[in-house]
Amino acid sequence: MLINKMLYVIKKDLQALEQGLYHEVHSDVDLITDIGTHLVKSGGKRLRPALCILAARSKKDYELEYVLPLAITIELIHMASLVHDDVLDNASTRRGAATANAKWGNNVSILSGDFLFARAFALIADKDYDKRVLLRLAKIICGLSEGEIHQNEKHFRLRTEEEYYDAIAKKTADFIAASCEIGGILAGLGREDTDKLYKYGLYLGMAFQITDDILDITSNDEKIGKPAGNDILQGIITLPVIQATKTSPVREELINIITDENLDKAMVKRAVAITRDSDGLDYTRKKVYDYLEMAKESLPAALPKEIRQSFIEIAEFVGKRDF
Ligand code: 2DE
Ligand code: MG
Ligand code: MG
Ligand code: MG
């Protein structure tokens, strides 16, 4: 995992995280253990727990035992949300592996997601973390659900750039932001610094999701482990496409395709081609760059040097990722 290689500061912590994840997905019901193990195995960037651990490490007498349950909780919530997301998006592959819904069907997947979700909270229920931590986590999940419902209501409808930003903040960036903020709270940082960490995470998360949306247009199946144009197929209109609907010489044709609930794969291919031919991708890449600059500028000045450097490297990684 690229991000693990880069984050030598927290290498051991991330190894402990992997072990903890395998441990936590165990259930008396074998099917749940199988699905959970499949999810942990198929990997992931572990971005959210890595950010949380990094922020927490800014404390002088940092102890992994104290932070680890929370880091595992964060990744379990993320995993649960992806299992549900893949059902909603009717996705058959993720990270090159079959999704839980493709392998085991929707019903079992939703229930396994619920299980992981509850496990996540069981893990920290008896820990004496700051009250703000639990509240933040609960609010994130409310936001995730709101973001998804908002997106659902806007299926196959043109949305404004502002609506797009609101939606991706809720479905992705807020969670990444809170992961940074919570790490800062655990480190005992003051309000001003935890706010700054939140902002760093928010801008990083915006850049991360916008990149994900670019990849949906630019990549091929093998590279990201999911088919190109899947967002369009699902009626999700992302920034490169929004921009193309404003500037493409064939914008009418594009709008007709992406707002057609019965569109087929050939139409998706055409919409992807129109978007690629427009200034949509360049426009969107510039936004990623801007968000990453804002993220780096938001970092608290007082962070230990190697922690600060790691946060900067993560921002650079997000800017370069092509999977
Ligand atoms: C990923 O977006 C969005 C994830 C949020 C999903 C949240 C749900 C609410 P994408 P990709 C489903 C339920 C939450 C729980 C149970 C914690 O663009 O391209 O679809 O990776 O991501 O599929
Ligand atoms: Mg999805
Ligand atoms: Mg989705
Ligand atoms: Mg996506």
Side-chain angles (χ1 to χ4, degrees), residues 35-36 39 42-48 72-102 106 109-124 134 136-155 159 164-179 205-219 221 223-241 268 272 275 284 288 318 321-323:
I35 295 180
L39 293 171
S42 48
K45 294 172 274 293
R46 312 292 188 230
L47 177 66
R48 293 158 189 79
I72 297 171
T73 292
I74 287 176
E75 189 64 11
L76 287 175
I77 294 172
H78 176 57
M79 278 168 51
S81 76
L82 289 185
V83 177
H84 285 186
D85 177 66
D86 286 335
V87 172
L88 294 172
D89 292 347
N90 207 5
S92 54
T93 54
R94 173 175 295 279
R95 297 165 187 151
T99 54
N101 45 305
N106 284 353
S109 300
I110 289 172
L111 292 166
S112 304
D114 293 340
F115 175 91
L116 293 173
F117 192 35
R119 250 304 150 76
F121 280 95
L123 190 58
I124 54 167
L134 260 177
R136 290 296 294 131
L137 286 176
K139 281 192 174 163
I140 292 162
I141 294 147
C142 292
L144 283 178
S145 312
E146 287 168 354
E148 282 296 311
I149 289 181
H150 172 90
Q151 184 170 277
N152 213 46
E153 283 173 338
K154 290 277 168 182
H155 267 179
R159 46 182 176 171
Y164 166 80
Y165 292 132
D166 283 352
I168 66 168
K170 278 196 160 153
K171 82 168 188 180
T172 305
D174 273 345
F175 193 177
I176 293 177
S179 304
M206 296 298 283
F208 185 83
Q209 184 60 45
I210 299 172
T211 303
D212 188 77
D213 295 342
I214 291 175
L215 291 174
D216 194 74
I217 301 291
T218 57
S219 206
D221 300 17
K223 206 159 197 183
I224 49 171
K226 48 193 180 192
N230 196 45
D231 287 338
I232 295 174
L233 188 64
Q234 301 305 322
I236 301 168
I237 300 175
T238 58
L239 190 55
V241 184
V268 169
V272 167
T275 305
T284 306
V288 171
V318 166
R321 93 182 166 109
D322 62 353
F323 63 93

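Whatever order the structure lists ligands and atoms in, that order sets their numbers, starting from 1. Hydrogens, waters and symmetry mates are skipped; everything else that's a heavy atom, side chains included, is used. Sequential numbering from 1 along the given sequence is applied to the chain's residues.
For A177, the side-chain contact (heavy atoms from CB on, under 4.5 Å) test picks out Y198, L202, with sequence neighbours left out. Take D85 and apply the side-chain contact (heavy atoms from CB on, under 4.5 Å) test, not counting sequence neighbours, and it matches D89, R94, E148.
Taken from CG in L239 to OG1 in T284, the straight-line distance is 4.0 Å, to the nearest 0.5 Å. For the atom pair CG (L39) and CE (M79), the distance works out to 4.5 Å, reported to the nearest 0.5 Å.
Residue-ligand proximity: Q234 is placed with every non-hydrogen atom at 4.0 Å or more from ligand 1. Remark: distances from the non-hydrogen atoms of H78 to ligand 1 are all 4.0 Å or more.
With ligand atoms numbered from 1 in the order given, ligand 1 contributes 17 (C) to contacts under 4.0 Å with heavy atoms of F117. Those atoms of ligand 1 that come under 4.0 Å of a heavy atom in Q209, given as number and element, are 18 (O).
Put simply, the side chain of T73 never gets that close to the backbone of F121: no donor and acceptor are under 3.5 Å apart. D213 contributes no side-chain N or O that, together with a main-chain N or O of T238, makes up a donor-acceptor pair within less than 3.5 Å.
When heavy-atom distances to ligand 1 are checked against a 4.0 Å cut-off, D89 comes that close only through its side chain, counted from C-beta outward. Only side-chain heavy atoms of L88 come within less than 4.0 Å of ligand 1; its backbone N, CA, C and O stay farther off. Only the side chain of D212 comes within 4.0 Å of ligand 1, counting heavy atoms alone; its backbone N, CA, C and O stay farther away.
Shown here for F208 and K45, the closest heavy-atom pair between the two residues is CZ-CE, 3.5 Å.
Here the N, O or S atom of D89 that is nearest to the Mg ion (ligand 2) is OD2. The closest approach of D85 to the Mg ion (ligand 2), by N/O/S atoms, is made by OD2.
At least one N, O or S atom of D212 sits under 2.8 Å from the Mg ion (ligand 4).
Here the rule is side-chain hydrogen bond (donor to acceptor under 3.5 Å, both in side chains) with Q151, and of Q234, R159, E146, K171 only K171 fits it.
On a distance-only criterion, D231 and ligand 1 share no N/O pair closer than 3.5 Å. In terms of polar-atom proximity, defined here as any N/O pair under 3.5 Å, T172 makes no such contact with ligand 1. Checked by distance only, ligand 1 and D213 stay at 3.5 Å or farther apart across all their nitrogen or oxygen atoms.
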Original post:
Can L111 and D114 be said to form a side-chain contact (heavy atoms from CB on, under 4.5 Å), step by step?
Top reply: CA-CA 5 Å; L111 292 166; D114 293 340; 4.2 Å; yes

